[in-house]
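Reading through the structure tokens given below for one structure.
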Amino acid sequence: MSRSAHPAGPRHADVLPEGHYSAPPTDLNALDSKVWAETVTRDTDGVLTVGGLDVRRLAEEFGTPAYFLDEDDFRARARSWRTAFGDDADVFYAGKAFLSRAVVRWLHEEGLNLDVCSGGELATALSAGMPAERIAFHGNNKSTDEIRRAVEAGVGRIVLDSFQEIVRVAHIAQELGTRQRVQIRITVGVEAHTHEFIATAHEDQKFGIPLAGGQAAEAVRRALTLDGLELIGIHSHIGSQIFDMSGFEVAAHRVVGLLRDIRDEHGVELPEIDLGGGLGIAYTSDDDPREPHEIAKALTEIVTRECDAARLATPRISVEPGRAIVGPTAFTLYEVGTVKPLDGLRTYVSVDGGMSDNIRTALYDAEYSVALASRVSEAEPMLCRVVGKHCESGDIVVKDAFLPGDLAPGDLIAVPATGAYCRSMASNYNHVLRPPVVAVRDGEARVIVRRETEEDILRLDVG
Ligand SMILES: *Cc1c(COP(=O)(O)O)cnc(C)c1O
């Protein structure tokens, strides 16, 4: 996937594009369990339901657009990551995928740890009762205020991202009369995405300290000399939406090489290694993600093998899935406003949200699927582009999808797998109000993040 694509997508030219959608699915009403949350199904009338609740009633009660999150599914996924890695490893949920106080409580109850990367995420975690020692603080430019608050709160680890930050955190910890547990984030020259990875000597990105040129080794040297720091491990995060484990093999090989060098130079064996997140989910039926237990087995084997070869005791592993836990648990429910067929091209279906509630299609050329939710239909499939209501032609939610040919204004359509990086990246573009997140469980629905109001917007505007 290209990140420099035309905002309207690579297929914005006025030719009927080629692609896998050229064959419509055999049954437009079917729900592929890979892309829908666990409890999503159709009732006897054909209406989509989640947690036993009918989306027509949910739309009446909570309005559209709205994100509906399947709490049981979230908990089950969190738990399966936790049990897959067992007691010898730690799972940190990456809060940036989607964070709210309810989510923090679920994570706490299911025994997961939490990654935060800003003062706001830290405040959310602490206010919902996540024990500070189970929080990791990330980011390439944490402010001194954020660092001070994290150290004061007693977070379990701060992941250091630059030479300046090594000194900054050490100084603040010393000032506060404490020793902060830290990891150093390094870049190993591996960038992984879906079924590919590239491995180079250097990595051209803002995060981490390069392994190349001895910079990471120098960072370790400095961290080890500073009284305010307790260096507990090395961190590496290689990409996003990854299906193939081979990028992790190269990354682990290089990280373990550094651990070996540290032992040889300083006589210290660092006790932890963090392999980051980035594990993929199914956005469409074409995606085949692996189960957490397969991932846990693969990663543990990789690290153990590399450590055996380097004659190091295997460090404690941690991983940081975000998308893989929350992504599949939610869908966005929209109401269709207009249906505009363009002869010989496709039909534009406009919904009551758009790039303000899902920026991923415009930003990453991401693929999504979509289904008619308020009813079933036997009409012929029509090739559609689901677009939002924003003043921007790149405002696309689903680039290419088949919906029934009788789709009409007032129908509800649902886009699955929007639990990660949709509400958390939502904006107020065009002063559109950010949708609520409604958690559904056992026939009950409750708002966990309320819909924004015009008063909210006007309150920030102080004239
Ligand atoms: C974004 C990020 C994650 C989570 O990525 P997912 O793709 O949501 O799993 C984990 N760790 C770090 C350091 C990240 O930046």
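All values reported here derive from a predicted model rather than from experimental measurement.
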Residues Ile281, Gln241; criterion side-chain contact (heavy atoms from CB on, under 4.5 Å); working and verdict:
CA-CA 7 Å; Ile281 63 166; Gln241 186 60 0; 4.0 Å; yes
Less than 4.5 Å apart, any side-chain heavy atom of [X] and any of [Y]?
{"X": "Val449", "Y": "Pro436", "value": "no"}
{"X": "Val351", "Y": "Ile413", "value": "yes"}
{"X": "His108", "Y": "Pro131", "value": "yes"}
{"X": "Arg323", "Y": "Tyr421", "value": "yes"}
{"X": "Pro315", "Y": "Val303", "value": "yes"}
{"X": "Tyr368", "Y": "Val386", "value": "no"}
{"X": "Thr332", "Y": "Asn358", "value": "no"}
{"X": "Leu270", "Y": "Ile232", "value": "no"}

Does a salt bridge link [X] with [Y], judged by any charged N lying under 4.0 Å from a carboxylate O?
{"X": "Asp288", "Y": "Lys34", "result": "yes"}
{"X": "Arg346", "Y": "Asp400", "result": "yes"}
{"X": "Glu152", "Y": "Arg148", "result": "no"}
{"X": "Glu306", "Y": "Arg260", "result": "no"}
{"X": "Asp90", "Y": "Arg134", "result": "no"}
{"X": "Asp456", "Y": "Arg450", "result": "yes"}
{"X": "Arg105", "Y": "Glu109", "result": "no"}
{"X": "Glu110", "Y": "Arg75", "result": "yes"}
{"X": "Glu165", "Y": "Arg168", "result": "no"}

Give the minimum heavy-atom separation between [X] and [Y], together with the two atoms involved.
{"X": "Ala282", "Y": "Val35", "answer": "O-CG1, 3.5 Å"}
{"X": "Gly247", "Y": "Val190", "answer": "O-CG1, 3.6 Å"}
{"X": "Leu112", "Y": "Met130", "answer": "O-CE, 3.7 Å"}
{"X": "Ala94", "Y": "Gly322", "answer": "CB-CA, 3.8 Å"}
{"X": "Ala252", "Y": "Ile302", "answer": "CB-CG2, 3.5 Å"}
{"X": "Leu58", "Y": "Val50", "answer": "CD1-CG1, 3.8 Å"}

Going by ring pair (Phe, Tyr, Trp, His ring centres under 6.0 Å), name the pairs with one or both residues in residues 122-163, residues two or more places apart or in two chains.
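Qualifying pairs, neighbours excluded: His138-His235.
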Checking His390 now: which residues fulfil ring pair (Phe, Tyr, Trp, His ring centres under 6.0 Å) with it, not counting sequence neighbours?
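His390 satisfies ring pair (Phe, Tyr, Trp, His ring centres under 6.0 Å) with Tyr429 once adjacent residues are dropped.
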Kindly compute the distance separating [atom1] ([X]) from [atom2] ([Y]), expressed to the nearest 0.5 Å.
{"X": "Leu275", "Y": "Ile238", "atom1": "CG", "atom2": "CD1", "answer": "8.0 Å"}
{"X": "Glu367", "Y": "Arg360", "atom1": "CD", "atom2": "CZ", "answer": "10.5 Å"}
{"X": "Arg305", "Y": "Thr300", "atom1": "CZ", "atom2": "OG1", "answer": "11.5 Å"}
{"X": "Leu107", "Y": "Leu99", "atom1": "CG", "atom2": "CG", "answer": "8.0 Å"}
{"X": "Asn430", "Y": "Met355", "atom1": "CG", "atom2": "CE", "answer": "8.5 Å"}
{"X": "Leu333", "Y": "Tyr67", "atom1": "CG", "atom2": "OH", "answer": "12.5 Å"}

Just checking, is any N or O donor in the side chain of [X] or [Y] under 3.5 Å from an acceptor N or O on the other one?
{"X": "Tyr93", "Y": "Arg82", "answer": "no"}
{"X": "Thr64", "Y": "Asp352", "answer": "yes"}
{"X": "Arg157", "Y": "Ser318", "answer": "yes"}
{"X": "Gln180", "Y": "Glu230", "answer": "no"}
{"X": "Tyr334", "Y": "Asp357", "answer": "yes"}
{"X": "Ser369", "Y": "Thr284", "answer": "no"}

Verify, without hydrogens or angle tests, whether [X] (side chain) and [Y] (backbone) share a donor-acceptor contact under 3.5 angstrom.
{"X": "Thr329", "Y": "Leu69", "result": "no"}
{"X": "Ser424", "Y": "Lys96", "result": "yes"}
{"X": "Arg385", "Y": "Lys399", "result": "yes"}
{"X": "Arg316", "Y": "Asp274", "result": "no"}
{"X": "Glu320", "Y": "Val91", "result": "no"}
{"X": "Glu121", "Y": "Cys117", "result": "yes"}
{"X": "Gln183", "Y": "Ile273", "result": "no"}
{"X": "Thr49", "Y": "Gly52", "result": "no"}
{"X": "Arg181", "Y": "Ile158", "result": "no"}
{"X": "Asn113", "Y": "Ile135", "result": "no"}

Picking from Ile147, Thr178, Asp145, what satisfies side chain to side chain contact (heavy atoms under 4.5 Å, CB included) with Ile172?
Ile147
[X] atom [atom1], neighbour heavy-atom count above 12 within 6.0 Å:
{"X": "Gln215", "atom1": "CD", "answer": "yes"}
{"X": "Asp27", "atom1": "CG", "answer": "yes"}
{"X": "Glu269", "atom1": "CD", "answer": "yes"}
{"X": "Asp264", "atom1": "CG", "answer": "yes"}
{"X": "His171", "atom1": "NE2", "answer": "no"}
{"X": "His202", "atom1": "NE2", "answer": "no"}

Test side-chain contact (heavy atoms from CB on, under 4.5 Å) applied to Phe243 and Arg290, step by step:
CA-CA 7 Å; Phe243 292 121; Arg290 298 212 197 178; over 6 Å; no
Which residue in the set Trp106, Trp81, Phe68, Phe98 passes ring-ring contact (aromatic ring centres under 6.0 Å, His included) when paired with Phe74?
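For Phe74, the ring-ring contact (aromatic ring centres under 6.0 Å, His included) check succeeds only for Trp106.
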Report the C-alpha separation of Val220 and Leu231 in whole Å, then their side-chain angles, then the decisive distance to 0.1 Å, and conclude whether the side-chain contact (heavy atoms from CB on, under 4.5 Å) test is met.
CA-CA 8 Å; Val220 168; Leu231 180 62; 3.9 Å; yes
